[in-house]
> 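Starting off with a structure, shown below.
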There are 2 protein chains.
Amino acid sequence: MDQQIVMKAPLFAALDDETASALVASMTPQSMHRGDVLFSEGDRGDSLYVIITGKVKLGRASGDGRESLIAVLGAGEMFGELSLFDPGPRLTSATVVSETDVIALGNEDLQKFLAEHPAVAMKMLAGLARRLRRTNEGLSDLVFTDVPGRVAKALLDLGTRFGEPSAEGVKVNHDLTQEELAQLVGASRETVNKALADFASRGWLVLGAKAVTILDIDRLRRRAR
Amino acid sequence: MDQQIVMKAPLFAALDDETASALVASMTPQSMHRGDVLFSEGDRGDSLYVIITGKVKLGRASGDGRESLIAVLGAGEMFGELSLFDPGPRLTSATVVSETDVIALGNEDLQKFLAEHPAVAMKMLAGLARRLRRTNEGLSDLVFTDVPGRVAKALLDLGTRFGEPSAEGVKVNHDLTQEELAQLVGASRETVNKALADFASRGWLVLGAKAVTILDIDRLRRRAR
DNA sequence: CACCTACTGTGACCTGCGTCTCAGCCAACA
DNA sequence: TGTTGGCTGAGACGCAGGTCACAGTAGGTG
């Protein structure tokens with residue numbers, strides 16, 4: 001299995017190769033495709049996941065049909081650990097966005113592992129702290145920044161995480177529909193569409209199928225803040 | 001010092017009395033009053049705080065003068081630890097909201113302490129996980145819930161944390177101006193004022209100086225969700 | 001290849017809430 | 001005791017963005 005990729009996850013970053021590969025070997029891998037659900041709100045949360053390849057979205061549903069996305073995660077990222085540390089049902093659902101391989105680690109195994117490797121526990125603290133900060137950031141964006149600004153931010157963020165330099169710009173294969181993008185920035189699909197169209201008409205980016213190519217990253221940055 | 005109260009903080013909850021009181025003794029207490037700033041955005045974050053009595057607000061400022069509140073914390077609650085686990089400047093400022101006593105614990109002391117008491121590290125993980133969940137909750141509220149609904153939620157939350165049963169209802173001394181309440185729910189002062197006035201006119205609550213008394217908690221709950 | 005379903009693009013309309021403004025109120029302080 | 005400054009209450013107005021409606025496009029399946 002792609003040892004390399006797994007090692008990027010905070011869970012494993014602190015480990016020497018042997019320990020890490022032993023741990024990875026003990027975890028159960030699974031392949032899934034778009035639309036597959038890893039877990040839903042209300043499920044009992046008994047394992048943590050690490051993404052090998054592909055992307056997964058974490059979301060919450062409102063009483064009526066609406067949905068909002070907490071995050072979109074890619075290779076090397078970890079999720080689902082919250083209900084291990086803070087026992088209780090899952091408050092979020094995890095859905096596969098593109099062809100994805102993940103490995104899962106059960107609750108007891110994780111507890112045992114953390115007890116044996118306190119350095120990893122510290123890494124996890126650091127990881128959670130970072131996520132808390134980013135989430136707080138997201139909160140104030142929602143208050144301070146208008147929709148086009150949030151769209152720009154989201155694209156830049158997706159760009160740094162999933163973008164790859166191409167002919168004339170950064171190609172970002174986010175694998176998200178505009179609907180999902182809208183749920184991610186907390187706006188309606190239509191408004192996001194218009195923001196994207198506007199950016200494109202200014203030549204800041206080119207729209208593609210579940211992807212964008214960022215041409216003028218500086219303008220986009222300026223629009224974001 | 002109020003040993004009892006300190007022991008409520010997740011940091012100490014797992015400790016036996018001796019260890020806890022030894023630790024508390026090593027921490028420097030300070031008394032502050034409304035408006036005092038514990039730290040500001042950009043400061044280098046080198047200590048964590050535990051509130052003995054009083055309340056503290058955590059906030060972020062936008063480029064222009066606007067401000068948004070991340071949380072309002074009371075006795076027994078802890079803050080400022082994020083920049084210890086995830087090194088870097090503070091991304092949030094901490095300001096005293098009412099007469100407050102806090103104790104501070106320096107970075108190195110904390111690191112040492114966590115290394116010696118792994119059970120406490122696990123408690124901290126649990127604490128961060130819980131906060132992350134609540135913050136995610138706040139995020140989706142901002143998208144799904146209208147301003148009056150968010151005001152109702154905020155009051156209920158403040159109620160469970162700071163409320164005390166009184167003659168006819170729950171008296172909530174939140175110590176916040178309507179301006180601060182507005183920053184907490186991500187809305188304008190005026191809109192929050194109108195929501196409060198509306199709730200009061202329906203007899204769900206009575207407004208007081210930096211306080212409310214909740215009369216009909218069920219109605220308020222129903223309005224919140 | 002034809003059909004269907006999911007997705008994107010765009011305009012028209014409507015509304016919740018922000019902004020502006022001003023008027024009372026109370027506490028602090030000279 | 002009057003004055004000043006922070007806080008609350010409330011109306012008028014405008015706009016960002018939500019909702020609705022529909023048209024065009026592309027990928028997937030028989």
Side-chain angles (χ1 to χ4, degrees), chain A residues 33-35 57 62 64-68 95-99 140-155 173-202 205-213 223, chain B residues 33-35 57 62 64-68 95 97-99 140-152 154-155 173-202 205-213 223:
Chain A
H33 23 260
R34 168 158 249 266
K57 61 177 180 182
S62 72
D64 51 346
R66 301 174 55 60
E67 174 140 9
S68 99
T95 311
V96 170
V97 153
S98 61
E99 299 307 291
S140 30
D141 283 349
L142 222 36
V143 175
F144 294 142
T145 313
D146 63 1
V147 174
R150 297 196 315 259
V151 171
K153 282 200 168 158
L155 293 179
N173 288 304
H174 49 66
D175 290 332
L176 300 173
T177 65
Q178 292 187 352
E179 176 73 46
E180 289 168 324
L181 206 48
Q183 293 166 347
L184 185 61
V185 301
S188 73
R189 204 260 312 161
E190 293 88 331
T191 310
V192 168
N193 178 300
K194 283 159 194 165
L196 288 173
D198 179 53
F199 294 165
S201 79
R202 293 167 189 272
L205 48 77
V206 179
L207 294 175
K210 296 189 176 182
V212 299
T213 305
R223 184 57 181 84
Chain B
H33 24 258
R34 168 157 250 268
K57 62 176 180 181
S62 73
D64 51 345
R66 301 175 55 60
E67 173 139 8
S68 97
T95 311
V97 153
S98 61
E99 299 308 291
S140 29
D141 283 349
L142 223 35
V143 175
F144 294 144
T145 313
D146 63 2
V147 174
R150 298 197 314 259
V151 171
L155 293 179
N173 288 305
H174 50 65
D175 290 333
L176 301 173
T177 66
Q178 291 187 353
E179 176 73 47
E180 289 168 324
L181 206 48
Q183 293 167 347
L184 184 60
V185 302
S188 73
R189 205 261 311 160
E190 293 87 332
T191 309
V192 169
N193 178 304
K194 282 159 195 164
L196 288 173
D198 179 51
F199 294 166
S201 79
R202 293 168 190 272
L205 47 77
V206 178
L207 295 175
K210 297 189 177 183
V212 300
T213 305
R223 185 58 182 81

> Compute the bend angle of the helix from dC1(C)-dG30(D) to dA30(C)-dT1(D) from the end axes (five pairs per end), rounded to 10°.
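Its terminal axes enclose an angle near 30°.
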> Classify the nucleic acid contact of A209(A) as base, sugar-phosphate or nothing, counting any heavy atom under 4.0 Å across all strands shown.
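A209(A): no heavy atom of the nucleic acid under 4.0 Å.
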> Without decimals, in angstroms, what is the distance between D146(A) CG and dT19(C) C1'?
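Checked: the CG to C1' distance equals 16 Å.
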> How many Å lie between CG on L142(A) and P on dC17(C), as a whole number?
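Taking atom P of dC17(C) as the reference, CG of L142(A) is at 13 Å.
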> Anything under 4.0 Å to a heavy atom of chain B counts; send over the first and last such nucleotide of DNA chain D, read 5' to 3'.
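Listed 5' to 3', the contact boundaries are dC7(D) to dA12(D).
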> Evaluate R223(A) against D146(A) for salt bridge (Lys or Arg N to Asp or Glu O under 4.0 Å), listing each step before the verdict.
CA-CA 10 Å; R223(A) 184 57 181 84; D146(A) 63 1; 3.0 Å; yes
> Is the backbone of D198(A) close enough, under 3.5 Å, to the side chain of S201(A) for a donor and an acceptor to pair up by distance?
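Yes.
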> Taking all atoms of both residues into account, what is the closest heavy-atom pair of H174(A) and V97(A), and its distance?
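So the two residues come closest at O-CG1, 4.3 Å.
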> Would you check if N173(A) and K210(A) make a side-chain contact, meaning some heavy-atom pair closer than 4.5 Å?
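N173(A) does not reach K210(A) side chain to side chain.
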> Could you pull out the closest heavy-atom pair between A187(A) and V147(A), with the gap in Å?
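Taking every non-hydrogen atom into account, CB-CG1, 3.7 Å.
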> Check each residue of residues 189-196 of chain B for a non-hydrogen atom within less than 4.0 Å of any atom in DNA chain C, then write out the ones that pass by number, or none.
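Correct list: E190(B), T191(B).
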> Send over the distance from L176(A) CG to dC7(C) C1', rounded to a whole Å.
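Going from CG in L176(A) over to C1' in dC7(C) covers 13 Å.
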> Scan T177(A) against the nucleic acid and name what it touches under 4.0 Å (heavy atoms): base, sugar-phosphate only, or nothing.
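It contacts sugar-phosphate atoms only.
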> Tell me the closest heavy-atom pair linking F144(B) and E67(A), and the distance in Å.
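Of all heavy-atom pairs spanning F144(B) and E67(A), the closest is CZ-C, 3.6 Å.
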> Is any side-chain heavy atom of T95(A) less than 4.5 Å from a side-chain heavy atom of R34(A)?
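With C-beta onward as the side chain, the pair stays apart.
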> Check R66(A) against V143(B) and note the closest heavy-atom contact, atom names and distance.
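Minimum heavy-atom separation between R66(A) and V143(B): NH2-CG1, 4.3 Å.
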> Is any side-chain heavy atom of L155(A) less than 4.5 Å from a side-chain heavy atom of V212(A)?
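A side-chain contact under 4.5 Å exists here.
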> Quick check: closest heavy atoms across V151(A) and A195(A), and the distance to 0.1 Å?
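Nearest heavy atoms, V151(A) then A195(A): CG2-CB, 4.2 Å.
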> Output the rounded distance in Å from NZ (K210(A)) to P (dC7(C)).
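So the two atoms are 6 Å apart, to the nearest Å.
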> Main chain of A182(B), side chain of R189(B): is a donor-acceptor contact present, judged purely on distance under 3.5 Å?
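No, the answer is negative, given that no donor and acceptor are paired below the 3.5 Å cut-off.
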